[in-house]
Amino acid sequence: MTTPFKQHLIDPEICIRCYTCEMTCQVGAIEHDANNVVINADICNFCMDCIPVCPTGSIDEWRVVAEPYSLEQQYEWEEMPVQEEIAAPQGGSATDVEVYDKAMADLLADAHSGVGGKSVAPARAAKPTVNMYNLDRPAEASVQGNYRLTAKESDSDVRHIILSFGALPFPVLEGQSIGIIPPGTDENGKPHLPRLYSVSSPRDGERENFHNISLTVKREEHGVCSNFICDLAKGDTVKVTGPFGATFLMPDDPDARLLMICTGTGSAPMRSFTMRRQRTVGNKSGGMTMFFGARDADSLPYFGPLKKVPESLLHTHMVFSRIPGAPKEYVQDRMMVEEEAVAELLADPNTHIYICGLRGMEEGVEKAFNNIAESIGTQWVALRDTMREEGRYHVETY
Ligand code: A2P
């Protein structure tokens with residue numbers, strides 16, 4: 001059996017046939033006919049010289065394959081093939097890289113396993129690049145900033161970390177995650193297992209058109225990776241894998257309405273969605289509604305910046321559970337208070353739901369959806385299943 005590997009490909013829908021990549025390639029791996037520009041998997045040595053010269057980014061396409069796509073197949077393409085599910089290699093002892101890759105896949109599958117079933121990407125969404133870097137070949141990023149997002153009085157230490165990839169290609173879409181490899185080894189002398197973090201910046205960078213990304217990371221007591229990240233200083237370097245995730249993505253359609261429910265650092269993908277919309281369609285979008293749960297304002301990541309986002313773009317419900325003298329309130333409680341607005345969103349086939357944060361909230365949020373759907377004579381489980389099949393229902397919990 002052939003070991004799965006990552007094949008470098010060109011997206012025929014985006015490529016403008018300028019042949020700059022072909023002229024740049026030192027080893028003659030790229031060729032073209034009247035139809036397409038293609039890459040020979042037998043020759044490509046992953047030098048990446050062709051990536052920065054491509055004016056459209058169409059060269060930045062990767063698929064993990066058991067058998068490489070032939071030149072003949074690529075010449076026929078009108079669009080990129082979807083990423084096939086690849087069976088893990090059978091038999092033999094797994095290498096560290098295989099163990100690591102499987103651990104990443106398992107982590108992501110677990111995060112996306114929430115409230116029943118396999119999620120699907122929105123029907124129309126940009127195609128994500130996945131698994132470009134792994135333990136064997138991680139990307140190196142340098143730290144551009146590490147800012148505390150929660151008040152110093154708060155016992156919750158949540159950080160906004162900005163990582164730069166310099167000239168290295170690292171394409172991410174809103175909703176995708178990356179892996180961070182903490183330095184050192186575990187008690188068995190093996191490299192530490194990956195930790196997954198959702199990217200909190202949009203595809204064109206934390207700073208527009210700069211090749212950087214941001215993460216939202218909470219320091220966990222005894223957390224090997226979270227403490228490593230939260231202690232990073234400007235200029236430090238970090239080993240990064242990924243990107244990961246091909247379903248928790250935002251729809252292309254600017255008129256799609258987004259209903260986002262999150263707690264704590266689960267706000268990371270919601271921030272990336274909001275920034276994407278802010279930079280592209282602004283207020284002329286279908287609108288976004290967010291229920292965001294935290295202990296109090298001091299421990300709500302991005303509290304200040306969120307208050308400045310115009311209501312017409314993002315309608316935010318900040319929900320606090322530990323305000324002295326006030327009753328504990330969770331996101332699901334506020335959804336019930338806003339029952340009519342949520343019901344109206346549920347009834348709209350243009351609504352996409354995103355849930356991200358503590359696994360514990362799933363049950364309460366499901367109950368709230370059940371009650372609200374019932375109030376408009378809809379059966380929630382059936383609606384949820386339809387939404388999931390249509391790529392309009394997404395859960396990422398941990
Ligand atoms: P709590 O005050 O009960 O811990 P954290 O600060 O740990 O990241 O949590 C973010 C928010 O999520 C907190 O307000 C926390 O409330 C809340 N939370 C905890 N459990 C649940 C749950 N089962 N459903 C909804 N929210 C929850």
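Remember, it's 1-based here, ligands and their atoms both numbered in the order they're listed.
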Does R276 make a cation-pi contact with F273 (under 6.0 Å, within 45 degrees of the axis)?
no
Under the 3.5 angstrom rule, does the side chain of H315 hit a backbone N or O of S312 as a donor-acceptor pair?
no
Pairs involving residues 149-172, ordered by first then second residue, that meet salt bridge (charged side-chain N to carboxylate O under 4.0 Å, His left out) (sequence neighbours left out)
R148-D157, D155-R295, D157-R159, D157-R219
Checking T351 side chain against L345 main chain: does a donor-acceptor pair fall under 3.5 Å?
yes
Taking R17 for its side chain and P12 for its backbone only, find out whether a donor-acceptor pair lies under 3.5 Å.
yes
Enumerate the protein residues lying less than 4.0 Å from ligand 1, judged by heavy-atom distances, in chain and residue-number order.
K218, T263, G293, A294, R295, S321, R322, K328, Y330, Q332, L358, G360, M361
Carboxylate-amine/guanidinium contact D204 R279, below 4.0 Å:
yes
